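Everything on this sheet refers to the single structure shown next.
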Protein chains: 4
Amino acid sequence: MQSEKKEARREQKRRDILQRAEQIFARQGFHSTTMEAVAEECGWSKGALYLHFESKEDLFFSIIIEKVDQLGRTLEDALEQAEDIEQGIAALIQTQFDFFVSNNDFFQLVVSEQGKILHTSDTGMRESLIQKQHQHLEMISLALSKHFPEGSPIQALTLSRSILGSINIHTLSWLLAPLTIDLEQIKNELTELYLYGVKRHV
Amino acid sequence: MQSEKKEARREQKRRDILQRAEQIFARQGFHSTTMEAVAEECGWSKGALYLHFESKEDLFFSIIIEKVDQLGRTLEDALEQAEDIEQGIAALIQTQFDFFVSNNDFFQLVVSEQGKILHTSDTGMRESLIQKQHQHLEMISLALSKHFPEGSPIQALTLSRSILGSINIHTLSWLLAPLTIDLEQIKNELTELYLYGVKRHV
Amino acid sequence: MQSEKKEARREQKRRDILQRAEQIFARQGFHSTTMEAVAEECGWSKGALYLHFESKEDLFFSIIIEKVDQLGRTLEDALEQAEDIEQGIAALIQTQFDFFVSNNDFFQLVVSEQGKILHTSDTGMRESLIQKQHQHLEMISLALSKHFPEGSPIQALTLSRSILGSINIHTLSWLLAPLTIDLEQIKNELTELYLYGVKRHV
Amino acid sequence: MQSEKKEARREQKRRDILQRAEQIFARQGFHSTTMEAVAEECGWSKGALYLHFESKEDLFFSIIIEKVDQLGRTLEDALEQAEDIEQGIAALIQTQFDFFVSNNDFFQLVVSEQGKILHTSDTGMRESLIQKQHQHLEMISLALSKHFPEGSPIQALTLSRSILGSINIHTLSWLLAPLTIDLEQIKNELTELYLYGVKRHV
DNA sequence: CATGAATGAGACTTCATTCAT
DNA sequence: AATGAATGAAGTCTCATTCAT
């Protein structure tokens, strides 16, 4: 019991650090963010951070992994409900956008620090993240392929990637200039686009 | 005459540095790349770099701007030839992919160092680059809208962004695992997808 | 309690650095003195210096300001005791000389690095120091003017400046060739000189 | 003849450089002045400077020596004319002030770069300058002593140094705030002060 | 003579990480 | 467990001086 409580408190603190650090990393970028700043933001000392994370990189990647897993689970749940390709695509678009909007710090982190991820010397971590991303994609791809039309020249994998790429760029645009973009409208447009293409109304 | 030659040689050297630096920035990322390393790669001394670029940041952004402008011109030419929406989309996909493939160092740079761009303290540069990107998009959007079907619920801007987002993600996948991806095939799929959507063959 | 001790130790260390740095700046001049050298002299690492001073310039000016204030207070006390013009002039000469002799590192610093002070890009600091020097002078001038003879064509301000200028040059001569100069003698001569001029004994 | 002309032109150029460099050194200080800047100011290239001066230090000290000698000659002439102690002191004050005012760049240089002079690693140069300054002082001292009152407790050397020190500080004050100081008035006050002291009017 | 591109040693400063308290 | 003073490696940038043209 005693140790359970302790364990819980420790976990709580870890989460707290992760959340605060995510904000500050997102706002300033990995390199411009000092451990000093993270510590201050968390209300702890620098030393305390090192009781929970081995290094600045470890802290950084812990944030990413945490959220990537969360996104994966959320998406998986959403896609399971879909009964046809239309619902599948709509669910993907809706869920991924919503996740990015509610976790825009995370989104910004991933976009801004792609380089950190690709160039880290911790190759284990790098491979693991690329792997994770791949599984994420496969999961989506598999879910969509269940309702995929026969004889389509388009592969489910290509479709999935395309949709994700689109969502990324629209989210980024929205982050840079929120007022100029109506996300609800975009979601509808994208669903229409990926279902029927641009020539439906010709 | 004398000074012309000198000017030409100077320009030549500048280009040389830009090209070498692009490679090394792409390979290692902005922060992990030292001016020392760039200098060595160029076969010059550190000091020589500063004869052409005010700072490491200036060097970095000069690379980006150079290539972004080049891409803009290339794309504009390609889109002008298009006579209908099909040709327009195909041209966009073809040209942008080709540019990224032949300039994959540049592509990697942009993807990896998005954060550098977004978080630079040189706000003038930041605004200028975002502006440039916006114009790029507008240009594409305008070109496509010329052949756009009446009554489409999809805006040319949304379509353009979506296609660019897709190209980005596919290019990145290809860079990470070139053997698993047939780019020619992807180009065709994307053209099909954005013209007719996924339900054409239902 | 705990924090009091810490604060005291911190202050102690700051003072220690100031004192050691003063020596080395005086010996080598501002530009030739490296932070590395200061650190070594202090027995700390380079980084430790930056825990107490924002920059090399900050360290330098902190030394100056500290001592200038100290000199001001010392002089003010001495001048207050004077009951007539003779005592005033004698006190000024005695006190300022003594201060320079016991703080000859400081004196050398001010003489040698006048340029650093006049040309610093930190205009705030520059103005502040010139201001301080001015107040110093005004204070002396005021103190002397209390006992000033009526109808003198000489202003207290001119007298004060003149005495200070003389002290500077004699101190410098003494520093450069201590054995050739009897400071006690000089003090007496100067008192006589400023009281009665050179023609008294004609 | 040919070579005479050449020699003259060479000498002319040397003088030109000395004069321009004096200005810029005075304005910015020795360390902040780059050879690049001197070259530009002179309208020559950096390399050209090195045809006339061995190094930046050599250039700097050449300026000083040139002017110190000039001052020495000017002062010697003036003091020779003096027929009594009053004229001697008046001549010293008048001449030295005038020289500093017409050559205020030089004055500023000497004041600002005292440290450069005292701390130069070129000990030969340092000794030579200190020596020069000493001779300068001796010359003044000797000139004044000719008309010196018998039995004065004040040595000519002390008097000379004191006057020079006063002139330095008043010139500096005047340079920093020209409008607040009436130099003609100061000259008169100083003459009065050093002749009769402050108690004459008691 | 004159040039100015090139050099490269060297200085300041930052900051992740450690460890004595 | 928590702290934060201390470290020291590493990186950017400057600039006096040289030398091929």
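Here the structure is a predicted model, which means the values were calculated and not measured. Chain naming here is simple, since letters A, B, ... match the order of the sequence lines and numbering starts at 1 in each.
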For [X] and [N], give me the distance from atom [atom1] to atom [atom2], rounded to whole Å.
| X | N | atom1 | atom2 | answer |
| --- | --- | --- | --- | --- |
| D/E57 | F/dC15 | CD | C1' | 15 Å |
| B/Q28 | F/dG11 | CD | C1' | 14 Å |
| C/L49 | F/dA5 | CG | P | 15 Å |
| D/E40 | E/dT3 | CD | C1' | 14 Å |
| C/E36 | F/dA10 | CD | P | 14 Å |
| C/K46 | F/dA5 | NZ | P | 20 Å |
| D/F53 | F/dT18 | CZ | P | 16 Å |
| D/E54 | F/dT18 | CD | C1' | 14 Å |

First encountered from the 5' end of DNA chain F, between C/G47 and B/T33: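 It is C/G47 whose nearest nucleotide is closer to the 5' end.
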
Check: C/L118 main-chain N/O paired with C/R126 side-chain donor or acceptor under 3.5 Å: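 A pair under 3.5 Å: yes.
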
Main-chain N/O of B/A26 paired with A/H119 side-chain donor or acceptor, under 3.5 Å: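 Confirmed, A/H119 side chain pairs with B/A26 backbone.
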
Charged N-O contact under 4.0 Å between B/E66 and B/R15: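 Looking at B/E66 and B/R15, the cut-off is met.
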
Salt bridge present between B/E40 and B/K46 (N-O < 4.0 angstrom):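 Salt bridge flag = no for B/K46 with B/E40.
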
Nearest of [options] to any side-chain atom of [X]?
| X | options | result |
| --- | --- | --- |
| D/L51 | E/dT13, E/dC1, F/dA5 | E/dC1 |
| D/T34 | E/dA16, F/dC15, F/dT3 | F/dC15 |
| B/S45 | F/dA5, F/dT14, E/dA6 | E/dA6 |
| A/M35 | E/dT17, E/dT7, E/dA2 | E/dT17 |

Taking every non-hydrogen atom, the tightest pair across D/F53 and D/D58: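 Here D/F53 and D/D58 meet closest at CA-OD2, 3.4 Å.
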
Residue pair D/E41 / D/R27: nearest heavy atoms and the distance that separates them: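 Of all heavy-atom pairs spanning D/E41 and D/R27, the closest is OE2-NH2, 4.4 Å.
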
Strand contacts (DNA chain F) in residues 12-20 of chain A, 4.0 angstrom heavy-atom criterion: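 Result for residues 12-20 of chain A: A/K13, sorted by number.
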
Toward the 5' end of DNA chain E, by each residue's nearest nucleotide, C/Y50 or B/G43: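 First, find each residue's nearest nucleotide; the 5'-ward one identifies B/G43.
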
B/R10 vs B/H52 side-chain heavy atoms within contact, under 4.5 Å: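 Side chain of B/R10 against side chain of B/H52, heavy atoms only: contact under 4.5 Å found.
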
Minimum side-chain heavy-atom gap A/S112-B/Q114 below 4.5 Å: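 A side-chain contact is absent here, since even the closest heavy-atom pair is not under 4.5 Å.
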
Under 4.0 angstrom between D/R10 side-chain N/O and E/dC1 OP1 or OP2: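 Checking D/R10 against E/dC1: at least one side-chain N or O falls below 4.0 Å of OP1 or OP2.
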
Phosphate OP1/OP2 of F/dA16 contacted by D/K56 side-chain N/O (<4.0 Å):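 True: D/K56 side-chain N/O within range (under 4.0 Å) of F/dA16 OP1/OP2.
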
Cationic tip of B/K56 above B/F30 ring, under 6.0 Å, 45° of axis: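 The answer is yes; both the distance and angle limits are met.
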
Relative orientation of the end axes in the helix from E/dA2-F/dT21 to E/dT21-F/dA2, expressed as an angle to the nearest 10° (five pairs per end):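 Comparing the first five pairs with the last five, the axes sit 0° apart.
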
D/E54 CD: over 12 foreign heavy atoms closer than 6.0 Å: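 Incorrect, the count does not exceed 12.
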
